[in-house]
Every structure is written in C-alpha cells, then in structure tokens.
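First the structure, in the form of structure tokens, and then the observations on it.
In the text below, chain A, chain B and the rest are named by the order of the sequence lines, each starting its count at 1. The figures here come from the full heavy-atom set of this structure, side chains too, leaving out hydrogens, waters and symmetry mates.
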There are 2 protein chains.
Amino acid sequence: MKTETKKPHLSIQAFQRMPYYLQYLKKIFAEGAVNISSRLVAQHFGFTEIQVRKDFAAVSSAAGIPKHGFDVKQLIIDIEELLGYRNTNEAVLVGAGAFGSTFFKCDSIKEYGLSIVAGFDINNDIVGKQIHGKPVFHSSKISELCKRMQTHIGIIAVPSDQAQEACDKLVEGGVLAIWNFSQVHLSVPEGVLVQNENMAVSLALLSKHLQDKLKKDEVIPK
Amino acid sequence: MKTETKKPHLSIQAFQRMPYYLQYLKKIFAEGAVNISSRLVAQHFGFTEIQVRKDFAAVSSAAGIPKHGFDVKQLIIDIEELLGYRNTNEAVLVGAGAFGSTFFKCDSIKEYGLSIVAGFDINNDIVGKQIHGKPVFHSSKISELCKRMQTHIGIIAVPSDQAQEACDKLVEGGVLAIWNFSQVHLSVPEGVLVQNENMAVSLALLSKHLQDKLKKDEVIPK
DNA sequence: TAGATTGTTAATCGATTAACAATC
DNA sequence: TAGATTGTTAATCGATTAACAATC
C-alpha cells in the first residue's frame, strides 16, 4: 500500500504561474493535445524547461513520462484542484460604487470559484437596493452579517481613507482573506491574508520601463 | 564638485513597495510630520527597519540623519520622481467594452501619470463613437494610429483569445509597455514589457489561503 | 558624552538554473 | 539499443536579515 508521496514545496512564485499553465493546457487540450513536454511549455512562456518540470512535479499527481511528457488532462485536473476552482467560496463586497459594482456582473469571478453574496456601502442611494440581483447593506452591518453568513472572503473597493476601517470590520466578522483594491497597506491580525491589487504599483512598473527605454534610445540614437 | 553618487541597486520588489511608502509618507506629511524614522515606517507596514532603510537609501537623494530619520518631503519628491508621476505618458486602450471603458472614467490613472488618448474595439456599436470624451476606433487601425500618435503604452482589455493579436498590433505600432488585463501569456519581442494584471492569479492565492486555513482549523478544532 | 538612529559588510535564505543520472 | 525526456542533486544568484560600525 503506497501512501501518497509528499509533494515538493510549491513556492508562491510557482503558485502564481499555475493559472497561466492552466489556461494554456486547457487551450491545447481543446485542440486535441494529450501529452505535452516541458520543453514546449517552456518555449511558449519563455521559461526554462527545468522550471516547468519542477512546477509540474510540485502539483501533478502523476509523474511525467520520459519521451512522452506530461498528461495534459491530468495536469488540468490537478491544477484546478490546487487553485480551488473546484470549490466555491462566498465573498462579500465592501464598496458597491461605480468600480465595486462591476464585481457583481463580473462572470469570470464565478469561474474561479468565487461567488459574491452581498455588498456593503455607506451611500444611502444604494443601501437597501439590489445591484445585479445582489443586496446592498449599510457598512455598519458588515461584521454582523459576515458572522451570520459565515463568509470568509472580503473584497475591499472603497476609497483609501475608508479601507482600514472596512478591513477591521471584515476581520471582526471572521473574514480570513481580503482582496484589497484600495491603495493603502492594511494591517490585519496574523492568519488573515491580504491580497493587494494595486494599480499604482503596476503603473509604476510600466512607466519606469518606458522611461528607461526611451532614455536609453535617446543616448544611443542608433 | 561632488558628482551624484551612484544609487544602490533597486530590486523590483523594492520598487513595488515604493507606491505604498509614497502613500504613507503623503499621509503623515499632511498630518504635519517632517521627519520619519525607519523604525516607525517598518512598524506601520510590518517590514524590518533594515529593509526600510535600504529601500529609502536606494531612492532618496538625501541620506537619513542619525537621531532624526529621513526628510519626509524629500522622500515624497524622490519617490514620485522615481515612479514617473511627474511625467505624463499617453496610452491607448484596446477593448472598450464594459470592463475596458471603466478606464476612460478612472481618474486615479491620471494621478499616476497616465493619460488615455484613444480606445480601440471591433464592436461596430461603439466604433466611431466617443466614450467619456475619448474616441473609439476600429482595432484594425491600432498600429497605424499608435505610430502616428507616438503612443508607447497599451492597455489590453479584450477577451483572452484576442489578446495576442491585439498585443502584436500594439508592438507593431511601436508600443513599448503593455498592461495586460487578459488572462493569457503574451509573447513580445525583447525590449517590450508586459505587466500582467491577472485576477485569476490573485483569486487563486486568496482561495488557497482560505482552504489551508479552514482545513487547519478543522484538524485542530481547539 | 550617551543614546538614538543611520549606513555598511557579512550571513542567511529561498528561488532558479545547471549538470547529470534515470527511464521509457 | 539509442535518443528523447524526465527527475534529482548541486551550484548560482538575488533578496532579505543580522551584526556592527559610524555619526548626529
């Protein structure tokens, strides 16, 4: 009786590559691919093949086969399992304004195993109404309702100066994972994860690259 | 005559912390702070003070002063300079549908030095119209117009299966930095930067944390 | 001067890559 | 068998942290 062997450690970086692998594997599977070699995957993404093999080894329940490569279907199943697309988590949204409410109608979120069950806001124009079929409550009810609904994921889409307060209420309500679209650092107790989605960070990287690039081309004008 | 000393290398990770520092420094500056010690900053963010000192040293034009700390105002200026908030870059948007068009009305983008000058789409209902005052052209015009307008930044907000094509056209038009909101890997020639904004990645991290957390609490039920 | 706070050099840690052995 | 492709062990590389000297 062989028990499941311990999987190698999966780094956060490797974990973050998984959705990309998944998307690619699904595409080639739809095109009829049954096996795939690490070399081909590596070429597609511009990674090294060793890295791809290590990543697959860390997540796959079946080893790759020399001369054949990896089983595409099995990899898809394993990665989906790892990423939690096969369970559905319920989440609440704090900040149901122009930006926040786009989450209500965002279908792709559902595909990734997230379901938004309610929204919160302080604007009386929308409190008590429904947006895309989801109820919007006053923000003062956050912790009470999160407790009652046993929600463990919160999305913060409020202005930066209200973000920490929203965060505190979510944590009080038992939320364990927070998706933070505000631009401030959130302080949370240990055990709570904050996933930052910070446009300013991305834009800074873009603009930095661009400036370096344009400056360089200026200095060395061919 | 002392020439400017070479700044220490700034890692990408450090660079990505800068927008957070900036936001915090601006806040305490508005509250009247003139100097700030690395220890206080570190406490706020949960970093080590050494890391904060290294980060500040890499970006600051003035050294910190023992017993006084760093000059808040100077740091703000230096970080804004580094992040490129003091120049404005023009960008085009490919995919002006429900999601994409939110960029047109997004004010905070402007604050970070980005200005969207035009949109592209293949939907004839919006091609030729203006959305929030910005013209929307047909996607077949991407490279031509980017060349003419000398635009170097492109935002991709099209469905995944059209993303690579959009990317190719942008690159052909001379775009050097691409903000990719689709969920696929984009292949670009060397020298072009792709900044991925992948919801699937973030969601996967959230859901992973949650599942680990809930599982653990089950096993050790107190 | 003493103490707080900075800056620097060395150590640690983790992720990626290289070299090579294993196997279908 | 030979060759392609995998898996494993060791080396490299870069970021963070620790220890400590410098300085206001």
Side-chain angles (χ1 to χ4, degrees), chain A residues 2 4-18 20-21 25 28 33-75 78-79 82 185 201 205 208, chain B residues 2 4-18 20-21 25 28 33-75 78-79 82 185 201 205 208:
Chain A
K2 177 133 188 317
E4 207 169 281
T5 52
K6 177 112 192 308
K7 296 260 179 64
H9 173 72
L10 187 68
S11 70
I12 291 186
Q13 283 88 335
F15 189 89
Q16 294 186 109
R17 286 190 288 272
M18 292 300 161
Y20 290 97
Y21 289 138
L25 292 167
I28 62 167
V34 173
N35 295 104
I36 184 80
S37 72
S38 58
R39 141 129 25 162
L40 281 179
V41 177
Q43 273 175 355
H44 175 78
F45 288 106
F47 302 158
T48 68
E49 10 181 331
I50 303 158
Q51 186 171 50
V52 173
R53 281 208 290 281
K54 284 233 157 137
D55 287 348
F56 284 2
V59 72
S60 174
S61 58
I65 299 168
K67 272 196 87 168
H68 287 256
F70 294 81
D71 184 316
V72 176
K73 196 174 177 183
Q74 187 61 51
L75 274 177
D78 290 335
I79 296 177
L82 174 82
H185 168 85
V201 171
L205 284 164
K208 174 89 179 341
Chain B
K2 179 132 185 319
E4 207 169 279
T5 52
K6 178 115 191 309
K7 296 259 179 65
H9 174 72
L10 187 67
S11 69
I12 292 186
Q13 282 87 334
F15 189 89
Q16 295 185 109
R17 287 190 287 272
M18 291 301 161
Y20 291 97
Y21 288 138
L25 292 167
I28 62 167
V34 173
N35 294 104
I36 183 80
S37 73
S38 58
R39 141 129 25 165
L40 281 179
V41 177
Q43 273 175 356
H44 175 78
F45 288 106
F47 303 157
T48 68
E49 15 181 327
I50 304 157
Q51 186 171 51
V52 173
R53 280 208 291 281
K54 284 232 157 141
D55 286 349
F56 284 3
V59 72
S60 175
S61 57
I65 298 168
K67 271 195 88 168
H68 287 255
F70 295 81
D71 183 316
V72 176
K73 195 173 178 186
Q74 187 61 50
L75 274 177
D78 290 334
I79 296 177
L82 174 82
H185 168 85
V201 171
L205 283 165
K208 173 92 181 338

*Can you check whether His44(B) reaches Ile28(B) side chain to side chain, under 4.5 Å on heavy atoms?*
no
*asked:* Any N or O donor-acceptor pair under 3.5 Å from the base of dT17(C) to the side chain of Lys54(A)?
replied: yes
*For His68(A) and dT6(D), give me the distance from atom NE2 to atom P, rounded to whole Å.*
11 Å
*Mind checking Ala63(B) for me? I need base, sugar-phosphate or nothing, with any heavy atom below 4.0 Å counting as a touch.*
sugar-phosphate
*Tell me the partner of dA22(D), counting only Watson-Crick (N1-N3 plus N6-O4 or O6-N4) or G-U wobble (N1-O2 and O6-N3) with both under 3.5 Å; none if nothing fits.*
dT5(C)
_Strictly below 4.0 Å: does Ser38(B) bring a side-chain N or O up to OP1 or OP2 of dT6(C)?_
yes
*Atom-to-atom span, CG of Asn35(B) to C1' of dT6(C) - whole angstrom*: 13 Å
_Nearest whole Å is fine: how far is dT16(D) P from Gln16(B) CD?_
10 Å
*Report the distance from atom CD of Gln13(B) to atom P of dA15(D), rounded to the nearest whole Å.*
6 Å
*Quick one: which of dA4(D), dA15(C), dG3(C) gets closest to the side chain of Lys67(A)?*
dA4(D)
_Presence of Thr48(A) side-chain N/O under 4.0 Å of dT17(C) phosphate oxygens OP1/OP2_ = yes
*Just to confirm, is there a sub-4.0 Å distance from OP1 or OP2 of dG7(D) to any side-chain nitrogen or oxygen of Arg53(A)?*
no
*Would a distance-only check, ignoring hydrogens and angles, find a side-chain to backbone donor-acceptor pair under 3.5 Å from Asn35(A) to Gly69(A)?*
no
_Separation of dC24(C) P from Asp71(A) CG (nearest whole Å)_ = 16 Å
*asked:* So, taking the atom named OG in Ser61(B) and the one named CG in Leu82(B), what distance separates them when rounded to the nearest 0.5 Å?
replied: 11.5 Å
*With a 4.5 Å heavy-atom cut-off, do Arg17(A) and Tyr21(A) have their side chains touching?*
yes
*Reckon Ile50(A) touches a base, only the sugar-phosphate, or nothing at all at heavy-atom distances under 4.0 Å?*
base
*Please find out if less than 6.0 Å separates the ring center of Phe45(A) from that of His185(B).*
yes
*Given atom CD of Gln51(A) and atom C1' of dC13(D), what is their separation to the nearest angstrom?*
14 Å
*For dC13(D), the Watson-Crick or wobble partner whose two distances fall under 3.5 Å*: dG14(C)
*Grab the CD-P distance between Glu49(B) and dG7(C) for me, whole Å please.*
12 Å
*Find the distance Asp55(A):CG to dA15(C):P and express it as a whole number of Å.*
11 Å
*asked:* Side chain of Pro66(B), heavy atoms from C-beta onward: which of dG7(D), dT16(D), dT6(C) has the nearest atom to it?
replied: dT6(C)
